Student: 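Structure provided below as structure tokens; questions to follow.
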Amino acid sequence: IYKTNKEISLEGFSLEKYHKYVSHETHLEVIKKTRRLFSEDLKFDDKKIISGIEKIVNAPLSYSPHGSDFKQWIIARINTPNSIGFNPAHKDIYEFFDRDNYIPQMINVWIPICGVNKFTGLPVVPGSHLLNENKIERTKAGSIFEGSKYSVNCIKSWDSETSMKLISPADCSALIFSSHLIHGLGINNNVDETRVSLEFRLYKKNNY
């Protein structure tokens with residue numbers, strides 16, 4: 001916020017009350033900066049987090065796919081109360097498949113920071129990572145879906161279904177799931193609490 005507008009007083013600031021300190025215009029400028037962060041931008045040791053995830057999945061992990069110079073960024077999602085902007089249902093694997101006809105072994109990590117409760121979380125489709133692709137109706141990146149244009153590959157339906165389950169992890173918990181899983185970024189239905197989360201992908205090292 002300070003880098004965007006130095007005139008805003010941050011006295012008494014908390015992430016949960018972020019929305020009380022910024023105008024809509026300032027918020028749009030802030031999220032431009034938080035949509036693409038890297039490990040060096042963080043003020044904590046992300047290696048400890050990755051090490052813990054490696055133990056869970058029993059595999060060495062990296063921000064980069066094997067044999068690639070690409071480095072995965074980290075997104076800090078900031079959703080103000082009753083926000084209506086959201087990504088539709090999608091799978092992260094399609095970005096690689098549509099571009100390279102190749103899917104690296106990877107997982108998604110979603111870490112709630114604040115504002116995650118029974119009113120808001122991450123919508124997912126349990127078991128959809130096992131669903132045959134011929135059961136999925138989808139678009140490609142840049143498509144217009146229900147009047148809005150999205151950069152992700154939108155999924156219109158899966159096995160003739162469109163409903164998703166809202167997952168709200170408990171405090172000090174995170175979601176780790178296959179990048180083949182259908183998921184979306186839900187609306188913040190909190191009345192007076194900003195939702196903040198971190199999300200990123202990790203790739204299996206030495207992936208052949």
Side-chain angles (χ1 to χ4, degrees), residues 1-50 52-53 63 71-90 92 108-125 144-152 154 162-177 181-202:
I1 295 173
Y2 180 76
K3 289 181 179 179
T4 301
N5 188 336
K6 293 180 174 62
E7 296 181 0
I8 296 177
S9 172
L10 297 177
E11 183 178 355
F13 177 84
S14 70
L15 284 176
E16 292 87 347
K17 299 303 179 184
Y18 160 91
H19 56 283
K20 292 184 177 293
Y21 289 81
V22 300
S23 65
H24 178 66
E25 291 73 23
T26 298
H27 172 61
L28 294 179
E29 291 302 312
V30 168
I31 61 177
K32 285 180 183 178
K33 302 176 185 296
T34 63
R35 283 176 175 164
R36 189 164 293 197
L37 304 172
F38 294 90
S39 54
E40 52 267 26
D41 297 317
L42 303 177
K43 303 301 182 182
F44 58 86
D45 187 0
D46 63 313
K47 294 182 179 64
K48 290 184 179 180
I49 295 176
I50 295 174
I53 296 172
Y63 284 118
K71 184 177 181 181
Q72 181 63 52
W73 56 86
I74 300 165
I75 302 173
R77 294 283 183 188
I78 305 175
N79 299 95
T80 54
N82 297 310
S83 58
I84 59 174
F86 68 101
N87 273 346
H90 64 281
D92 286 12
N108 286 32
V109 181
W110 191 77
I111 304 176
I113 304 300
C114 70
V116 174
N117 49 47
K118 65 181 180 179
F119 300 111
T120 182
L122 183 70
V124 303
V125 181
I144 296 176
F145 180 56
E146 294 185 352
S148 297
K149 187 173 182 178
Y150 296 98
S151 60
V152 299
C154 309
T162 57
S163 60
M164 307 179 77
K165 181 178 180 180
L166 186 67
I167 303 296
S168 302
D171 288 345
C172 300
S173 299
L175 294 180
I176 303 170
F177 56 93
L181 189 77
I182 298 173
H183 64 286
L185 295 167
I187 297 173
N188 181 2
N189 292 313
N190 288 318
V191 175
D192 192 31
E193 189 172 1
T194 293
R195 187 193 82 160
V196 180
S197 62
L198 295 179
E199 63 181 72
F200 52 93
R201 303 173 195 154
L202 292 173

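All figures in this text were calculated on a predicted structure; none of them were measured in a lab.
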Student: Between Asn189 (side chain only) and Thr120 (backbone N and O only), is there a donor and an acceptor less than 3.5 Å apart?
Tutor: no
Student: I'd like to know if the side chain of Ser168 reaches the main chain of Asn117, judged simply by a donor and an acceptor atom lying under 3.5 Å from each other, with no hydrogens or angles considered.
Tutor: yes
Student: Using the side chain to side chain donor-acceptor pair (under 3.5 Å) criterion, which residues pair with Tyr21? Sequence neighbours excluded.
Tutor: none
Student: State, to 0.1 Å, how close Asn188 and Asn79 come at their nearest heavy-atom pair, and which atoms those are.
Tutor: ND2-O, 2.8 Å
Student: Are the side chain of Arg201 and the backbone N or O of Gln72 linked by a donor-acceptor pair below 3.5 Å?
Tutor: no
Student: For Glu193, is there an ion pair with Lys20 - N to carboxylate O distance below 4.0 angstrom?
Tutor: no
Student: Are the side chain of Asn190 and the backbone N or O of Asp192 linked by a donor-acceptor pair below 3.5 Å?
Tutor: no
Student: Taking the side chain as everything from C-beta on, heavy atoms only, tell me whether Val196 gets closer than 4.5 Å to Tyr18.
Tutor: no
Student: Nearest 0.5 Å, please: how far is CD1 in Ile53 from CD1 in Ile176?
Tutor: 4.5 Å
Student: Can you check whether Thr194 reaches Lys17 side chain to side chain, under 4.5 Å on heavy atoms?
Tutor: no
Student: Do any N or O atoms from the side chain of Thr34 and from the backbone of Ala76 form a donor-acceptor pair under 3.5 angstrom?
Tutor: yes
Student: Does any N or O in the side chain of Asp46 come within less than 3.5 Å of the main-chain N or O of Ser39, such that one atom is a donor and the other an acceptor?
Tutor: no
Student: Let me confirm one number: the CH2-NE2 distance from Trp110 to His183, rounded to the nearest 0.5 Å.
Tutor: 11.0 Å
Student: Once rounded to the nearest 0.5 Å, what's the spacing between atom CD1 of Ile111 and atom OG of Ser173?
Tutor: 11.0 Å
